[in-house]
Amino acid sequence: GQSLEQPSEVTAVEGAIVQINCTYQTSGFYGLSWYQQHDGGAPTFLSYNALDGLEETGRFSSFLSRSDSYGYLLLQELQMKDSASYFCAFVMMGGNTPLVFGKGTRLSVIA
Amino acid sequence: DVKVTQSSRYLVKRTGEKVFLECVQDMDHENMFWYRQDPGLGLRLIYFSYDVKMKEKGDIPEGYSVSREKKERFSLILESASTNQTSMYLCASSLRPGVEKTQYFGPGTRLLVL
């Protein structure tokens, strides 16, 4: 079968760094994506890793290790507006296969 | 900018009614998706379509059907709404896999079935 595991909730202090982990199990893995969703809003794309290593986009970075079936999203210099749900999703190989989403991590940034 | 629009933000229907949720994208995307989102369960795929008149079942297709008569439009149909279909429904679109992996989501329709 296929599955994604990520923590359900994380709390961090404004200005700090937080890491949201995602482990996955599947065959035919192609890459790992991250999406952000604010309350009442639509999920929006944050990053995508097809290769092992770190991808950096401003305050956000995403990491993938294929050998460990593991990835994480790193948020630096946390701001109150970063309070949201974060979903990891894996992309399958081949054809028109849709993303498979994890259940999401609710990040609360506190002062 | 890619734009995915959904016909309603909020909808209230009665048990047994036939419900149509419409989704339109303006970027000529091949793929379109319907998800439902419930607290603690994440995004669960109902149906998707990778071309006009093509459809594929997702993880939870029971009680739903879809229609894609035009490339830009993907409709989700609840044949006979039930209270357990009260949920947030999200539509998404993407280019054909292999070109781009990003899915673009609409604002969602919050459906309440009484």
Side-chain angles (χ1 to χ4, degrees), chain A residues 1-10 20 22-24 26 28-51 55 57 60 62 64 71 84-108, chain B residues 1-6 9-10 23 25 27 29-52 54-61 66 68 71 74 88-110:
Chain A
Q2 52 191 33
S3 65
L4 288 130
E5 296 290 332
Q6 54 181 128
S8 58
E9 292 182 9
V10 172
I20 299 174
C22 176
T23 57
Y24 60 87
T26 184
F29 176 85
Y30 193 85
L32 192 70
S33 291
W34 289 92
Y35 286 75
Q36 178 192 59
Q37 185 181 30
H38 287 99
D39 284 348
T44 55
F45 173 78
L46 285 178
S47 68
Y48 172 65
N49 294 70
L51 303 174
E55 293 279 343
T57 309
F60 293 3
S62 58
L64 176 65
S85 292
Y86 293 85
F87 295 88
C88 59
F90 59 66
V91 180
M92 303 288 288
M93 274 186 187
N96 292 293
T97 48
L99 298 178
V100 178
F101 285 87
K103 293 183 178 180
T105 298
R106 173 77 189 176
L107 171 64
S108 298
Chain B
D1 272 356
V2 176
K3 196 158 188 181
V4 181
T5 57
Q6 296 183 227
R9 289 302 305 271
Y10 301 94
C23 175
Q25 50 92 5
M27 282 302 292
H29 282 175
E30 288 86 0
N31 297 337
M32 297 189 75
F33 311 86
W34 275 107
Y35 296 87
R36 65 176 282 178
Q37 184 174 27
D38 302 287
L41 298 179
L43 286 85
R44 293 183 292 167
L45 183 66
I46 305 171
Y47 268 96
F48 66 102
S49 168
Y50 53 86
D51 205 348
V52 175
M54 304 300 288
K55 61 184 179 183
E56 295 282 344
K57 292 180 179 178
D59 300 318
I60 50 165
V66 290
R68 192 158 181 209
K71 190 175 185 180
F74 192 34
M88 169 69 90
Y89 290 88
L90 290 161
C91 175
S93 72
S94 71
L95 284 168
R96 189 184 307 281
V99 177
E100 186 181 324
K101 308 295 183 185
T102 305
Q103 287 189 355
Y104 298 87
F105 285 84
T109 296
R110 191 167 291 282

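A note on names: the letters A, B, ... follow the listed sequences, proteins ahead of strands, and every chain is numbered from 1.
The two residues B:Tyr35 and A:Leu99 make their nearest non-hydrogen contact at OH-O, 4.0 Å.
Between atom CD of residue B:Gln37 and atom CZ of residue A:Phe101 there is a gap of 9.5 Å, rounded to the nearest 0.5 Å.
Of the listed residues (A:Ala42, A:Gly40, A:Pro43, A:Gly104), the greatest number of heavy-atom pairs within a distance under 4.5 Å of chain B belongs to A:Pro43.
Both the backbone and the side chain of B:Leu43 come within less than 4.5 Å of a heavy atom of chain A. Within the 4.5 angstrom heavy-atom criterion, only side-chain atoms of B:Arg9, from C-beta onward, approach chain A.
Partners of B:Arg68 under the salt bridge (charged side-chain N to carboxylate O under 4.0 Å, His left out) rule, at least two apart in sequence or in another chain, do not exist in this structure.
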query = Should A:Tyr35 and B:Gln103 be marked as a side chain to side chain contact (heavy atoms under 4.5 Å, CB included) after you check the CA-CA gap, both sets of side-chain angles, and the distance that decides it?
reply = CA-CA 9 Å; A:Tyr35 286 75; B:Gln103 287 189 355; 3.6 Å; yes
